[in-house]
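No hydrogens, no waters, no symmetry mates; every other heavy atom, side chains included, goes into these values.
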Amino acid sequence: MVQILIESGIPKSTLIDMAFDDCGIAGYSFEKTADEYVSALQKLNAMMWEWPFDQLGYIQPPVGDGNPSDASGVANRDTQVIVTMLAERIAPGVGKALSPEQRAARKRSFAQLCSRVSVLPRVKFPAQTVRGSGYDPYRAPGYEPFIYEGGLSTEPDTTTDPGDLAAIVAE
């Protein structure tokens with residue numbers, strides 16, 4: 001069976017134009033040179049190799065810088081963080097600086113992206129781990145001062161989390 005891959009996502013040129021708009025260089029009043037476009041495309045491609053952007057499904061060109069009209073492959077929800085981070089990288093090259101409001105928005109959206117793509121390992125406590133200095137037997141009856149979960153393990157616990165896809169795939 002032949003599979004045809006259909007590229008999707010916002011075109012790379014749209015991401016670049018939005019980044020230039022964030023820098024204060026609107027396309028309707030300022031003409032961008034081909035060199036500025038190529039430079040912005042190179043910075044976009046380089047940025048998308050870095051973590052956490054490499055988790056977004058960006059379509060890297062197989063050879064060279066690629067074409068700005070190519071589809072990016074990223075979801076619409078990730079557009080804002082890509083645009084603001086790209087704007088921060090191209091702004092010094094065009095003699096501009098981002099406003100404090102744009103920097104605050106960039107920081108917020110970048111933090112949300114990092115939290116969305118981060119993978120936290122599930123770890124059990126070693127046997128007989130002390131719960132901490134806040135242990136008070138009178139505050140919580142039946143509360144034990146030690147954790148009795150078993151040995152240290154980084155494997156997912158399939159008995160308590162039936163929605164863990166990694167455990168299903170490993171079986």
Side-chain angles (χ1 to χ4, degrees), residues 2-125 132 152-157 161 163-170:
V2 177
Q3 292 183 351
I4 300 173
L5 299 176
I6 300 173
E7 294 182 351
S8 63
I10 297 172
K12 296 175 184 179
S13 60
T14 304
L15 294 173
I16 293 170
D17 288 336
M18 291 171 71
F20 276 118
D21 287 346
D22 277 4
C23 291
I25 302 174
Y28 58 85
S29 60
F30 297 103
E31 287 297 320
K32 292 176 275 298
T33 65
D35 290 340
E36 289 175 335
Y37 236 82
V38 168
S39 175
L41 182 60
Q42 289 172 343
K43 288 178 183 176
L44 175 64
N45 288 338
M47 180 181 78
M48 297 308 283
W49 280 112
E50 299 172 4
W51 187 90
F53 300 106
D54 61 347
Q55 308 294 315
L56 301 180
Y58 181 79
I59 302 169
Q60 288 285 356
V63 177
D65 297 327
N67 190 352
S69 62
D70 290 343
S72 62
V74 297
N76 288 341
R77 70 175 182 212
D78 301 321
T79 303
Q80 185 61 33
V81 67
I82 293 170
V83 166
T84 54
M85 292 299 287
L86 181 61
E88 182 183 44
R89 292 174 187 226
I90 65 175
V94 293
K96 299 286 183 171
L98 298 180
S99 69
E101 293 82 11
Q102 288 172 317
R103 288 185 177 162
R106 177 196 52 81
K107 185 177 180 181
R108 255 190 327 273
S109 60
F110 186 72
Q112 289 173 354
L113 173 66
C114 289
S115 67
R116 193 171 61 242
V117 302
S118 295
V119 178
L120 299 177
R122 296 176 49 120
V123 179
K124 291 183 180 180
F125 289 103
L152 184 63
S153 172
T154 58
E155 296 297 319
D157 186 8
D161 188 11
D164 191 355
L165 296 177
I168 295 170
V169 172

Minimum heavy-atom distance between [X] and [Y], given as atom pair plus value:
X: Ala40; Y: Leu86; result: O-CD1, 3.9 Å
X: Ala87; Y: Asp22; result: CB-CB, 3.7 Å
X: Gly64; Y: Pro61; result: O-CG, 3.5 Å
X: Ile90; Y: Ala19; result: CD1-CB, 3.9 Å

- Side chain to side chain, Phe110 and Thr84, heavy atoms closer than 4.5 Å: no
- How about Met18 and Ile82: do any of their side-chain heavy atoms sit closer than 4.5 Å? no
- Task: Would you mind listing every salt bridge (Lys or Arg N to Asp or Glu O under 4.0 Å) that reaches into residues 81-92, with sequence neighbours excluded?
- Result: Glu50-Arg89, Glu88-Arg106
With sequence neighbours excluded, residues passing side chain to side chain contact (heavy atoms under 4.5 Å, CB included) with [X]:
X: Ala104; answer: Arg108
X: Glu36; answer: Phe20, Lys32, Thr33, Val94
X: Gln112; answer: none
X: Val117; answer: Trp51, Pro52, Gln55, Leu56, Leu113

- Message: Treating Gln60 as the side-chain partner and Asn45 as the backbone partner, does any N or O pair qualify as donor plus acceptor under 3.5 Å?
- Response: yes
- Does the pair Phe53 and Asp78 meet the rule for a side chain to side chain contact (heavy atoms under 4.5 Å, CB included), with working shown? CA-CA 9 Å; Phe53 300 106; Asp78 301 321; over 6 Å; no
- Message: So, using salt bridge (charged side-chain N to carboxylate O under 4.0 Å, His left out) as the criterion, who are the partners of Arg103 when residues are at least two apart?
- Response: none
- Message: Going by side-chain hydrogen bond (donor to acceptor under 3.5 Å, both in side chains), name the residues that satisfy it together with Asp54, two or more places apart in sequence or in a different chain.
- Response: none
- With sequence neighbours left out, the residues meeting side-chain hydrogen bond (donor to acceptor under 3.5 Å, both in side chains) with Gln102 are Ser99
Show the atom names and distances, to 0.1 Å, of all donor-acceptor pairs under 3.5 Å that link a side chain in residues 9-17 to residues at least two apart or in another chain.
{"from": "Lys12", "atom 1": "NZ", "to": "Ile59", "atom 2": "O", "distance (Å)": "2.9"}
{"from": "Asp17", "atom 1": "OD1", "to": "Tyr37", "atom 2": "OH", "distance (Å)": "2.5"}
{"from": "Asp17", "atom 1": "OD2", "to": "Tyr37", "atom 2": "OH", "distance (Å)": "3.1"}

